[in-house]
*Asks:* 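Here's a structure for you.
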Amino acid sequence: MTDASRAAALRLAARGETFDLGMTYSRRSYKWPGHSPGEIITFRSPDGISRMKDPDAPPDAINRDRVLWHSAALFINDNVATQIDGLAHITAGPDDHWYNGFKESEWGGDWGPRKCDAPTIPPIIARGVLIDVAAFKKVDALPGHTLISMQDLKDTLAWEKVSLEPGDVVLVRTGTGRYWGDDGADHATIGEHDSAGPDLVATKWLIEEQGAMMVGSDTSGYEVNPAPGNPGSGIPVHRYLLVDQGVHLGEFHYLEGLSKAKAYVFCYVATTSKIKGTAAGFALRPLALR
C-alpha cells in the first residue's frame, strides 16, 4: 500500500454505500476446533455494584443521581469470528519458524509471539474484489469440501466482468456466511459448508500472477479442506500465504450484502486491535465502501 493506492481505493466509495463485513461473535459462535471457546462475563453492573457494596463505586454522598456502569471481562481466543491472520499465526519445520525466518526458540514467548503479531498488521485501505463463486454456480452455498479451482475463479470473474489489479484484497464467497445468523450458533449447518474454498494452485494464481495483497473468504479457514493430493500439511495454503509469502489472510468475512448488491468492486477498509502478542486480529468489523 502507498498513499496513492489508498487514495485510489477511497475514490471507489463514490456512492456512500457501506457494507458491514463483520460477523457478530458470542460465546456460542462457531469456531475452528483448534481455538479455545470464549466467555463474556459481567465484571461490573449497576445491580452488583449496589448490592455488593462495591468499594470501587462512588459513595452515595457524591453520587446522588446513582450513575453506575456496566463493564465486562473477556476470555476470548485471538482467532474467532471475523479475523485477519497475523504472520506469526502459522509455523513450519523442525525449528517452528514463521515468516521472515523468525523461530519459536528465539521469538516465542509466554505472552504471545514477539515478532509479527497482530499489531504489526497495518491499517488496510485497498481496492477490494468479491469473487462470488456461489452466485456464479447458482447455489445458496457450496457443498462442504468443494474445491474452488483457478478456473472457477477465472470463470467467476469473467461472469462478473471484473479484472483483478495488483494490490487488491480478494474475497471469495462460498455462501457459508449466510448461515451465521445472529451469532454463529448453528454449528451443524455452518460446519456442512465451512470446508469449501480455493486450493493452493488457485491461491498461487491470485498472489503470483494477479498480485493480490490479501485474500479472504466467508469461512473459518479460506482454503479447501481436506487439501487435495499429499501436500505435507493439512493447511498448505495457510503455510504458503503466511510463512512463505507474508500475505495476510482474512476469514469469516460476511459477504452476503455484497453478493445481493452485486458489489464486486469496492474500497476495503480494515484495522486490527493493537493487542500485543495476539496471533490474529479477531472479532473485527471490516467495511466495504462504494
*Asks:* For Ser149, is there any backbone N or O sitting under 3.5 Å from a side-chain donor or acceptor partner on Asp152?
*Replies:*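 The answer is yes, because a donor-acceptor pair under 3.5 Å joins these two groups.
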
*Asks:* Below 4.5 Å, heavy atoms only, C-beta onward: do Leu87 and Phe102 meet side chain to side chain?
*Replies:*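 The answer is no; the side chains never approach within 4.5 Å.
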
*Asks:* When you measure from the side chain of Asp218 to the backbone of Gly175, do you find a donor-acceptor pair of N or O atoms at a distance under 3.5 Å?
*Replies:*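 It does hold such a pair.
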
*Asks:* Do the side chain of Gln83 and the main chain of Ala280 share a donor and acceptor less than 3.5 angstrom apart?
*Replies:*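 No: the side chain of Gln83 does not pair with the backbone of Ala280.
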
*Asks:* Assigning hydrophobic clusters by single linkage (Ile, Leu, Val, Met, Phe, Trp, Tyr; side-chain heavy-atom cutoff under 4.5 Å), is Ile131 placed with Val139?
*Replies:*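 Cluster IDs for Ile131 and Val139 match.
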
*Asks:* Determine whether a donor-acceptor pair (N or O, by modelled atom type, separation under 3.5 Å) exists between the side chain of His97 and the backbone of Ala92.
*Replies:*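 Such a contact is found between His97 side chain and Ala92 backbone.
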
*Asks:* Which of parallel (below 30°), tilted (30 to 60°) and perpendicular (above 60°) describes Tyr264 and Trp159?
*Replies:*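 Tyr264 and Trp159: tilted rings.
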
*Asks:* Can you find a heavy atom in the side chain of Arg127 that is under 4.5 Å from one in the side chain of Val265?
*Replies:*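 Arg127 reaches Val265 side chain to side chain.
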
*Asks:* Spell out, as yes or no, whether a donor-acceptor pair under 3.5 Å connects the side chain of Ser273 to the backbone of Ile275.
*Replies:*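 Flag not set: sc Ser273 to bb Ile275 has no pair under 3.5 Å.
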
*Asks:* Roughly how far apart are Leu258 CG and Leu171 CG, rounded to 0.5 Å?
*Replies:*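 The distance works out to 7.5 Å.
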
*Asks:* Between Leu10 and Ile125, does the side chain to side chain contact (heavy atoms under 4.5 Å, CB included) criterion hold? Intermediate values first, please.
*Replies:* CA-CA 8 Å; Leu10 288 167; Ile125 301 173; 4.0 Å; yes

*Asks:* Indicate yes or no: at least one non-hydrogen side-chain atom of Glu223 is less than 4.5 angstrom from one of Pro236.
*Replies:*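 Result yes, sub-4.5 Å side-chain heavy-atom pair found.
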
*Asks:* So does Asp85 get a backbone contact from the side chain of Glu251, meaning a donor-acceptor N/O pair under 3.5 Å?
*Replies:*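 No: the side chain of Glu251 does not pair with the backbone of Asp85.
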
*Asks:* Answer yes or no: is there a donor N or O on one side and an acceptor on the other, between the side chain of His193 and the main chain of Leu142, under 3.5 Å?
*Replies:*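 At least one qualifying donor-acceptor pair exists.
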
*Asks:* Please identify which of these residues, Lys138, Lys260, Lys137, Arg173, meets the salt bridge (Lys or Arg N to Asp or Glu O under 4.0 Å) condition with Asp132.
*Replies:*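 Considering Lys138, Lys260, Lys137, Arg173, a salt bridge (Lys or Arg N to Asp or Glu O under 4.0 Å) with Asp132 is found only for Arg173.
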
*Asks:* Nearest 0.5 Å, what's the OG-CZ distance between Ser71 and Arg44?
*Replies:*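 Going from the OG atom of Ser71 to the CZ atom of Arg44 covers 6.5 Å.
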
*Asks:* Contact between Lys31 and Ser220 at the side-chain level, heavy atoms closer than 4.5 Å - yes or no?
*Replies:*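 When only atoms from C-beta onward are counted, Ser220 and Lys31 do not touch, as no gap falls below 4.5 Å.
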
*Asks:* Please tell me whether Thr176 and Asp194 have a donor and an acceptor in their side chains that are separated by less than 3.5 angstrom.
*Replies:*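 No, because no side-chain N or O of Thr176 sits under 3.5 Å from a partner of the opposite role on Asp194.
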
*Asks:* Please round to the nearest 0.5 Å and tell me the distance separating atom CG of Leu287 and atom CG of Leu21.
*Replies:*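 Here the rounded value is 6.5 Å.
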
*Asks:* I want to check something: taking the side chain as every heavy atom from C-beta on, are Leu147 and Pro228 in contact at a cut-off of under 4.5 Å?
*Replies:*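 Yes. Closest side-chain heavy atoms under 4.5 Å.
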
*Asks:* Starting from Val237, can I reach Val169 by hopping between I/L/V/M/F/W/Y residues whose side chains sit under 4.5 Å apart?
*Replies:*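 Same hydrophobic cluster.
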
*Asks:* To the nearest 0.5 angstrom, please state how far the CE atom of Met1 sits from the CE atom of Met213.
*Replies:*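 The CE atom of Met213 is 5.0 Å from CE of Met1, to the nearest 0.5 Å.
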
*Asks:* Between Asp182 and Thr24, is the side chain to side chain contact (heavy atoms under 4.5 Å, CB included) condition met? List the steps.
*Replies:* CA-CA 7 Å; Asp182 289 337; Thr24 301; over 6 Å; no

*Asks:* Report yes or no: do Asp78 and Thr278 form a side-chain donor-acceptor pair below 3.5 Å?
*Replies:*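 Side-chain D/A pair, Asp78 to Thr278: absent.
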
*Asks:* Linking Ile, Leu, Val, Met, Phe, Trp and Tyr by side-chain heavy atoms under 4.5 Å, what else ends up with Tyr254?
*Replies:*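 Traced through the cluster, Tyr254 reaches Met23, Tyr30, Tyr179, Trp180, Ile190, Phe252.
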
*Asks:* Any donor-acceptor pair under 3.5 Å linking the side chain of Asn77 with the backbone of Asn79?
*Replies:*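 A pair under 3.5 Å: yes.
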
*Asks:* Going hydrophobic residue to hydrophobic residue with side-chain gaps under 4.5 angstrom, can you get from Val170 over to Leu289?
*Replies:*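 As far as the 4.5 Å side-chain criterion goes, Leu289 and Val170 are not connected within one cluster.
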
*Asks:* Quick one: are Tyr240 and Lys204 in side-chain contact, heavy atoms under 4.5 Å?
*Replies:*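 They are in contact (side-chain heavy atoms under 4.5 Å apart), so the answer is yes.
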
*Asks:* Does any non-hydrogen side-chain atom of Val162 lie less than 4.5 Å from one of Leu130?
*Replies:*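 A side-chain contact under 4.5 Å is absent here.
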
*Asks:* Hydrophobic clustering (ILVMFWY, side-chain heavy atoms < 4.5 Å, transitive) - are Leu12 and Val269 grouped together?
*Replies:*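 Looking at the clustering, Leu12 is in a separate group from Val269.
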
*Asks:* To the nearest 0.5 Å, what is the distance between NZ (Lys274) and CG (Asp117)?
*Replies:*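 It comes to 10.5 Å.
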
*Asks:* Quick one: does any side-chain atom of Arg285 pair with a main-chain N or O of Thr82 as donor and acceptor, under 3.5 Å?
*Replies:*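 Checking the backbone N and O of Thr82 against the side chain of Arg285, no donor-acceptor pair under 3.5 Å is found.
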
*Asks:* Calculate, to the nearest 0.5 Å, the distance between atoms CD and CH2 belonging to Glu104 and Trp98 respectively.
*Replies:*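 Nearest 0.5 Å value for the CD-CH2 distance: 5.0 Å.
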
*Asks:* Given 3.5 Å as the limit, does a donor-acceptor pair link the side chain of Arg27 with the main chain of Gly38, or not?
*Replies:*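 Here the side-chain-to-backbone pair does not exist.
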
*Asks:* Give the cluster check for Tyr222 versus Leu284: same hydrophobic cluster or not, with ILVMFWY residues linked at side-chain heavy-atom distances below 4.5 Å.
*Replies:*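 The answer is yes; both residues are in one hydrophobic cluster.
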
